[in-house]
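Working notes, beginning with the structure itself.
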Protein chains: 2
Amino acid sequence: MTNIHDIARISGYSVSTVSRVLNHRKYVSDAVRAKVQAVIDGLDYAPSEVARDLSRGKTMKIGVVLPIFVHPYYTALMQSITEAAFAQGYQVTLLPSNYQPKLEKQFLEQFRRRSFDGLIFTSHESPLADLAKYQEFGPVVVCEDPGAVDIAAAFTDRKDSYRQAFEWIRARGYQHVSLMLPREPKLSATSRTMVEAYTAVFGTPPDPTRNWVGSMTNEDGKAAGAFFAKLQPDFVFSNGDDIAAGVLEYYVEHGLQPPAMMGQENETAGRLMGISTIDHHLDAVGQAALALATGAKHGRVEITSQFIARG
Amino acid sequence: MTNIHDIARISGYSVSTVSRVLNHRKYVSDAVRAKVQAVIDGLDYAPSEVARDLSRGKTMKIGVVLPIFVHPYYTALMQSITEAAFAQGYQVTLLPSNYQPKLEKQFLEQFRRRSFDGLIFTSHESPLADLAKYQEFGPVVVCEDPGAVDIAAAFTDRKDSYRQAFEWIRARGYQHVSLMLPREPKLSATSRTMVEAYTAVFGTPPDPTRNWVGSMTNEDGKAAGAFFAKLQPDFVFSNGDDIAAGVLEYYVEHGLQPPAMMGQENETAGRLMGISTIDHHLDAVGQAALALATGAKHGRVEITSQFIARG
DNA sequence: GTAAATTGTGGGACGGGTTTCAGGTCAAAC
DNA sequence: GTTTGACCTGAAACCCGTCCCACAATTTAC
């Protein structure tokens, strides 16, 4: 494989000059520039990206940790992060965590070994404080409200929209509202916020035995459907339109009358069923997360979610 | 930032020995290993991944070109590629092309600059021959039948399942079947295969003026809905369940009676609507694509699609 | 008891660029 | 006529590891 020294030797100029030509820098006469370029073209030479990265001390790569993949929330977030990155000349490396702290740790260590200029956790299982420690090696960004922990964050403020949603539910007279939570409230800020909004509107916390915890996919929704079919709530507030669709599918398959439902993320399935939903504006979150990861921005960026009433 | 030379100097041993310790290699006495490790731990040292990559001449990274992101087909394919990669110790870098040949060219050039050990095109706009040229720099993989072009490929054989699908449609007596194609048949192998299967079953090629070209997303489906509402086919064979859902949404919103439909990709929306679909087994395709990209496999891998009748 | 193999350690080339600094030329400014 | 400064070019240090090779000290084999 030909390298910059070959080009220098063959063209008869120094490595420095070749480097200047490659990077379109000043202080090379037009004549020399042309000659060097001719040699480059003739040998079909392309400089090594890795060598550049090492020399410059920057990789122009951002790692993005994703717990799961086939999931509208994460897909949409990933999409916006990737597009924003690309616009800034950064590349995005996917880091699938499957919610395993061991893998998360591995990605953090990789970050410590300077594989990436910045690291974004779209979700995480390890304690926030553990992630925060690694900020010593560069920007570490989370996509949730980090509370008291000092870490860069881009997230949606869901309080208001959850509140609106519960008020909408209450105004319609539903009595037995079940929540579908992605993970245990103590592990997930999103779940906590849902529970808090419920409590604020109904004056009492939701009965944990009437909620379903651990719904991520449409399949999970089907499993939850069996649970709700026994429990018979009159309203199910799901954590995703696609998940709500799973619940509905269970009822339909078993010839049962489904409860009223509401979803989140404003997906196709939600429109199809005509149920209310909440748009968390993931495009804006992704853009902000990237800006934090590249160091273009600092601190926290908060984006407001939007309740969409239907039916 | 501390480096391997610092560790060598401070521990009193050579760089070679430190390198051996770091990589858990033989030929270091237990006593020395312990001492060196103590210095490493004491200084909280982690070796630079980029320097390693340069030295080893491998990046352990695979680039994956995706035209779009929020799309079940590409999401699922990406998922399986990423998981397979991770299992082999490879990392996946996302390269969003938005179907622009200019961007594709840029990714190919990046590959030439040895940013990745392998490159996977989940789809592409540039001519296959252009991609094939870059195999000189390492494995370039496409996810379609490359025909006569000599390039690594992992793809589904859709002929049989399309044929079954059209036979199922014909057996039910539908007369005016419209196709929804992702892109113009001359640009897309998938579209061509659909058209060929139609022709084989119905004995005559489909009327191009009755097909819809350019459907990728649910939104596109809505647009197509307006087209079909005027055209009034009695059957619409869509290129995705989610896209078919978009068509249905248009009809429902306008209070019209929708045609019979069929989708592809076996998605939530398809089950929800109870329409037939085709599963292209993208998990297997992704795994095969990765094996080709790392050089573990060579040539072509063909996977068979599966027709799923419903309703 | 000596030849051969194995183990332990260090030196230094190598991978392929970027960047600082030094030195030289030449035209404009004073 | 000298100073100033912009322009051009090259030498060499630097980024940070890996790995081949040399050499010494032990073991093992015969």
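Protein chains get the first letters and strands the later ones, always in sequence-line order, with residue 1 at the start of each.
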Does A38(B) offer a backbone N or O that forms a donor-acceptor pair with the side chain of D41(B) under 3.5 Å? no

How bent is the helix from dG1(C)-dC30(D) to dC30(C)-dG1(D), measuring the angle between the end axes built from five pairs each, rounded to 10°? 30°

Apply the side-chain contact (heavy atoms from CB on, under 4.5 Å) test between V18(B) and each candidate in L22(B), V15(B), V21(B); give the one that qualifies. L22(B)

Who are the side-chain contact (heavy atoms from CB on, under 4.5 Å) partners of H281(B), not counting sequence neighbours? D279(B), D283(B), I303(B), Q306(B)

Salt bridge between E125(B) and R183(B), side-chain N to carboxylate O under 4.0 Å? yes

Between protein and nucleotides 4-17 of chain C, map the contacts as a letter string: B base, S sugar-phosphate only, - none, heavy atoms under 4.0 Å, written 5' to 3'. ---BBBBBB--BBB

For D6(B), is the CG atom crowded, meaning more than 12 foreign heavy atoms sit under 6.0 Å from it? yes

When you compare the side chain of V64(A) with that of T93(A), does any pair of heavy atoms fall below 4.5 Å? no

Tell me every residue that passes side-chain contact (heavy atoms from CB on, under 4.5 Å) with K133(A), counting only those two or more places apart in sequence or in another chain. D130(A)

Suppose the criterion is ring pair (Phe, Tyr, Trp, His ring centres under 6.0 Å): which pairs have a residue in residues 89-126 of chain A, not counting sequence neighbours? F107(A)-F86(B)

Bounded by its outermost nucleotides with an atom under 4.0 Å from a heavy atom of chain A, the footprint on DNA chain D reads dC7(D) to dC16(D)

Which part of the nucleic acid does R25(B) contact within heavy-atom distance under 4.0 Å: base, sugar-phosphate only, or nothing? sugar-phosphate

Check whether any side-chain heavy atom of I4(B) sits under 4.5 Å from a side-chain heavy atom of S19(B), and report yes or no. yes

Candidate pair R158(B) and D145(B), rule salt bridge (Lys or Arg N to Asp or Glu O under 4.0 Å), full reasoning: CA-CA 10 Å; R158(B) 307 178 167 217; D145(B) 186 343; over 6 Å; no

